[in-house]
Amino acid sequence: MILPTLALLSAASVAHAAAPVATGTGAWAAAYSSASAALAKMSQNDKVNIVTGVGWDKGPCVGNTPSIGSIQYPQLCLQDGPLGVRFGTGVTAFTPGIQAASTWDTELMRQRGQYMGAEAKGCGVHVLLGPVAGPLGKNAAGGRNWEGFGPDPYLTGIAMAETIEGMQSSGVQAVAKHYIGNEQELNRETMSSNIDDRTMHELYLWPFADAVHSEVASVMCSYNKLNSTWACENDRAQNQLLKTELGFQGYVVSDWNAQHTTTGAANGGMDMTMPGSDYNGKTILWGPQLNSAVNNNQVSKSRLDDMAKRILAAWYFLGQNKGYPGINIKANVQGNHKENVRAVARDGIVLLKNNGILPLKKPGKIAVIGSAAVNNPKGINSCVDKGCNDGALGMGWGSGSVNYPYFVAPADALKTRAQSDGTTVNVVSSDSTGSVSSAASGADAAIVFITANSGEGYIKVEGVAGDRNDLDPWHNGNQLVQAVANANKNTIVVVHSVGPIILETILALPGVQAVVWAGLPSQESGNALVDVLYGLTSPSGKLPYTIAKSANDYGTKVVNGDDNFSEGLFIDYRHFDKTNIAPRFEFGFGLSYTNFTYADIAVTSTAKSGPAIGTILSGGRADLWETVATVTATVTNSGSVQGAEVPQLYLTLPASAPSVPPKQLRGFAKLKLAPGASGTATFTLRRRDLSYWDVRTQNWIVPTGSFGVSLGASSRDIRLTGTFTVA
Ligand SMILES: *[C@@H]1O[C@H](CO)[C@@H](O)[C@H](O)[C@H]1NC(C)=O
Ligand SMILES: *[C@@H]1O[C@H](CO)[C@@H](O)[C@H](O)[C@H]1NC(C)=O
Ligand SMILES: *[C@@H]1O[C@H](CO)[C@@H](O)[C@H](O)[C@H]1NC(C)=O
């Protein structure tokens, strides 16, 4: 099976069991020549050392490899995680990935990456363990979805590219994780994700291709199995897809303790083991074991050379051989980075409902209600790895969390604002329905805070073992809102959540005048919220996932056992569109304080049908990344205040393509427009954006026929349509 398909890839892809050897193509040429020179000075022991972590809890970082004296290679520091430097005390708590996705703002995404990279470097961290494209988020309840950028592979792919390029521009090695199919926390270390080849390419692998195209230094293999073989020793995933098809020049590092065998991992394409031992420090699968395996010819010398060379090349590629700071996780490196946190927190806020109550205009009296309006009374960092849901919610829990340097709680920021307006504020920091009605009644507006939280499965919070048990708000949020809305017909609901919750109960309450989806704002929570509630900024976030009317509407759920991914391509809006289920708030939805009109769509294309034929560079065949169609449209701010709009382009492939989703996101822009002003949204479509994955020929094919272009303010608010034909 494997031999003929691989042979089709390119003449250069050698179709035998050996793992592909990186040759230093494209941007990596200089790094590989330095790596080759260094490798020549290394003993076999040195090579084994550079690929093997020093063992759990044996170094200054969550992962460490020993220094290699013969080549002046330092003790390498690998540290979590995707939103900043874990365990740092002088670092910024950046917004989670899902909030960055919610902004649909590539400049903010890139700056976020750049600042995270700068802080990592300032702490002497060589390898920062993020960003996250797996989980992609096929299950709305998936515990770690919030670390990534949501269930659309295109949006996630763009966010991966921006983040990685930002991080690496600051000199730190980025790690695209978790590769691949780690879509839930339940049984993540035993289950098999059985993903068909087309779904793999069009959904789960897609954003990793963006990561490789952006020259990511490293990819982390995940805990789960794929078709019953561990991800970290999966020849198909690592040797074939990642290193051959995508031409990945960096190294594969294991998730912590995700390695299971010595030779299987080595020959299956893993290049570095972390942390180097199990958590008891007893089982060590590489180190001396790898040495023996090489001496016994179970692992070839060239495989060991390739592992070491990939790791060295990444180090040279990032320029870390020149004047890199020493390791000091406690360094104060925040600079002005909180400005990015505030901007992402603010511009990621999605206004879901507004009957005209927002923005607030100097109300005489407001009530601020809910335990989530105030800081955790035990302290903002009192729960290890954020493993609790007490007080304001800024991020989920697990290894992808960081310490807050400070946290501006919503109630505090509202009080500050109220002071300058002369507004009376009544704060009730309780979720008990009995205590809210007296506070809420008589206020010009009652602002009630609810949450939903999730995280990594090694911590259980209030009965939630990672993945959420349901899509309801925590702490009886529905009842709390009901009590407030019964007492005050000007109720504003603010939701801080890791992902979709079912809002039907809340939306049915006549007293609920507005719903503000504030996501996961991290340390600048209150400031960002006040910016939007008071109209200092018009809300401009758009949902990076669908909010359904019922949890069952998603058609996917966390499974107990192996997951066959039988829904195939049809996750999130692809599923709602295919099955004609009306969502409550569709993917891409978000209101504003102003209005936008769309006009003058223009479509041009030079695309030719057929397979991609380019040589393989980082990210796959080169021609897949070439622009083959351009769409432009004029967007005008027809309202009365400054605002920003996110026009979105959805593509419908011609009928000649086999069973494709009704429409797929293939472009977006963010236009900041003064009242009355117009801007041009330009969408460039790459060959891959027009292609489907053909399993038989193992290639991306541009089908013949008429492509449908839908441009709109969400996946279901289509304002302009066009077509282009490919012969
Ligand atoms: C898993 O099996 C499916 C069905 O045979 C196949 O299409 C896919 O390529 C396999 N994936 C991996 C990673 O082995
Ligand atoms: C997945 O597929 C296997 C093999 O066809 C089957 O035995 C198993 O029941 C399926 N699992 C689920 C959750 O559907
Ligand atoms: C936006 O348009 C709607 C309907 O056309 C109108 O009711 C509303 O007043 C407009 N809002 C602004 C801010 O212009």
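All ligand and atom numbering here is 1-based and tracks the order in the structure. Since the structure is predicted, the reported quantities are computational estimates derived from the model, not experimental observations.
Closest to atom 11 (N) of ligand 1 among all protein heavy atoms lies Asn227 ND2, 2.9 Å. In terms of protein heavy atoms, atom 10 (C) of ligand 2 is closest to Asn564 ND2, 2.4 Å. Among all protein heavy atoms, the one lying closest to atom 7 (O) of ligand 1 is Asp197 N, 3.1 Å. In this structure, atom 13 (C) of ligand 1 lies nearest to the protein heavy atom Arg236 CG, 3.5 Å.
Within the 4.0 Å heavy-atom shell around ligand 2 one finds Asp562. Within the 4.0 Å heavy-atom shell around ligand 1 one does not find Val695.
In plain terms, the two heavy atoms of Leu205 and Leu246 that are nearest each other are CD1-CD1, 3.9 Å.
Taking the six-membered ring where the residue is Trp, His213 and Trp625 present parallel rings, their angle staying beneath 30° rather than reaching 60°.
The protein does not reach atom 4 (C) of ligand 2 closely, with no heavy atom under 4.0 angstrom from it.
Aromatic rings from Phe317 and Trp28 are positioned such that their centres are separated by under 6.0 Å. A centroid separation of less than 6.0 Å is found between the aromatic rings of Phe565 and Tyr204. Between Tyr573 and Tyr545, the ring centre distance reaches or exceeds 6.0 Å.
Only the backbone of Ile195 comes within 4.0 Å of ligand 1, counting heavy atoms alone; no side-chain atom from C-beta on gets that close.
More than 12 heavy atoms of other residues, nucleotides or ligands sit less than 6.0 Å from atom NZ of Lys549.
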